[in-house]
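Reviewing the structure listed below.
Counting starts at 1 for both ligands and their atoms, following the listed order.
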Amino acid sequence: MITDLSHGLFTRAQELIPGGVNSPVRAFKSVGGEPFFAHRAKGSYLFDVDGNRYIDYVGSWGPMVAGHAHPKVLEAVFNAAREGLSFGVPNPLEVTMAETLTRMVPSCEMVRMVNSGTEATLSAIRVARGATGRSRIVKFEGCYHGHGDSFLVKAGSGALTLGQPDSPGVPKALADLTLTLPYNDFDAATALFEQYGEEIAGLIIEPIAGNMNCILPRDGYLQHLRALCTQYGAVLIFDEVMTGFRVAPGGAQQVYGVTPDLTTFGKIIGGGMPVGAYGGRRDLMQQVAPAGPIYQAGTLSGNPVAMAAGLATLELVRQPGFHAELKAKTEMLCDGLEAAAKEAGVPVTTNRACGMFGLFFTDRKVHSFADATACDTAAFKRFFHGLLQRGVYFAPSAFEAGFLSTAHSELDIELTIEAARAAFREVRA
Ligand code: PLP
């Protein structure tokens, strides 16, 4: 595979952009080698500047659930852009977006648009703190909620990959207010609330974790957290930046039947444009400025082009059968990967949640951060490069979930499994 143009660009980029990238995981640090530079994307494919084609299981880290450059989304973007790129006054698409979101996710009685998942989670904990008058927040080992100071404590994926969960630059006094729990551990959560319950403003969780690879909550776990938050008056925040609209039209909260107080969104609601949102109980959201005293703002929030892309994507997601198709494709891929690994004699297990999945090099089931980090990351690296050489792009880290889109064809999946068969053989060799 020729990658000369990507190599040249990466060399130039490293001179001027830290690590050559604008988001750490893109640098391929945890798998080695160099990233390829994308020239364009269509459907399930990414095309690099050297003309190589990759079947893409990253989907821009989640937004491209209906495939890259979907004609309906592009049309909406072009139509919106023709009317102007940003107004700085309210626009009708913001209202349509609020109506759409609150209909799809009934726990969100009101919603505020922001520009990224990070902004959404930062704002949600500010609301939790402002509304309760308390300071502590609870998060989970291996869960990632963006790069806000309070969250860079035992964070997943990018931070995990760096092996530096607590980033320099995060004041210790602030980090001390973040309590962390092991994911899926019922007793640890109970014990933490018994000790700190009256001081906890909110608990934030990825209801299906996608930043320590893909880990599902155990039966009753989210209900347990809901009960603890209710008992101690803490705000339960579901971070559905990744799971929102991907695992079901109403997100993971619909799948598990648990109602959070606040929810954060990103990725799919922007359809590939920079967007985030947070929403929830009316009494909490009414405390956000200018309705209430908790300040939060944004020059480009509710941007018309971003709203148009998001609304067009949400319309695709709402089509009957969308999630059934996504799930069937994910099952086909994961069953095929497990079978191919078995054939090659490589211990592998998968976790699946509709359009997202995790592939782990282990012979055990994976339920926690400790389980995920115990997997064979060296095997993953070899597997990743084996796939990449064959034109299949998996996330360049053993701690990231994989994503499918409805644009992935059965042929794409068959080709992927074929490539995996060869890559697994190389892993064993
Ligand atoms: N929350 C979750 C669950 C995420 O996966 C991410 C990003 O991957 C974020 C928050 C942060 O979103 P953004 O990168 O848009 O700031």
Side-chain angles (χ1 to χ4, degrees), residues 21-27 30 57-65 105 112-126 128 137-162 167 178 180 183 202-217 222 236-247 251-253 255 260 262-279 296 298 300-301 303 306 309-310 313 353 355-358 369 372 395-397 399-403:
V21 291
N22 283 312
S23 197
V25 73
R26 296 181 199 168
S30 77
Y57 290 96
V58 180
S60 190
W61 302 99
M64 314 319 297
V65 71
V105 186
R112 166 63 63 82
M113 301 308 299
V114 293
N115 300 293
S116 68
T118 296
E119 273 188 58
T121 55
L122 284 174
S123 307
I125 57 155
R126 185 174 303 143
I137 61 160
V138 180
K139 76 175 285 290
F140 290 80
E141 259 178 351
C143 278
Y144 179 68
H145 304 290
H147 62 90
D149 285 351
S150 292
F151 302 124
L152 288 181
V153 180
K154 300 202 176 168
S157 56
L160 188 62
T161 299
L162 287 172
S167 170
T178 302
T180 55
Y183 200 85
L203 174 148
I204 186 164
I205 185 167
E206 291 179 70
I208 296 169
N211 286 289
M212 45 176 160
N213 210 324
C214 179
I215 296 184
L216 278 60
L222 297 174
L236 176 64
I237 306 167
F238 276 5
D239 181 352
E240 298 233 35
V241 166
M242 201 178 261
T243 52
F245 319 107
R246 173 169 287 280
V247 298
Q253 55 196 270
V255 175
L262 292 176
T263 304
T264 55
F265 302 101
K267 304 192 190 270
I268 288 175
I269 45 163
M273 302 292 286
V275 181
Y278 63 103
Q296 185 272 309
L300 294 176
S301 296
N303 174 270
T313 304
M356 59 194 275
F357 67 94
F369 174 75
S397 161
F399 302 111
E400 300 281 1
F403 298 117

Derivation and outcome, side-chain hydrogen bond (donor to acceptor under 3.5 Å, both in side chains), residues R112 and Q296: CA-CA 9 Å; R112 166 63 63 82; Q296 185 272 309; 3.0 Å; yes
Requested in this report: Begin from the C-alpha positions of N211 and E206 and carry the test side-chain hydrogen bond (donor to acceptor under 3.5 Å, both in side chains) through to its verdict.
Outcome: CA-CA 9 Å; N211 286 289; E206 291 179 70; 3.0 Å; yes
Original post:
Does the pair S397 and E400 meet the rule for a side-chain hydrogen bond (donor to acceptor under 3.5 Å, both in side chains), with working shown?
Top reply: CA-CA 6 Å; S397 161; E400 300 281 1; 4.8 Å; no
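With contacts defined as side-chain heavy-atom distances shorter than 4.5 Å, the pair F245/V65 does not qualify.
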Return a table of donor-acceptor pairs under 3.5 angstrom between the side chains of residues 262-274 and protein atoms on other chains or two or more places apart.
from : atom 1 : to   : atom 2 : distance (Å)
T263 : OG1    : Q253 : NE2    : 3.1
T264 : OG1    : D239 : OD1    : 3.0
K267 : NZ     : W61  : O      : 3.0

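Residues I208 and A353 approach most closely at CD1-CB, 3.8 Å, considering heavy atoms.
For a heavy-atom separation below 4.0 Å, the residues in contact with ligand 1 are S116, G117, T118, Y144, H145, G146, E206, N211, D239, V241, M242, K267.
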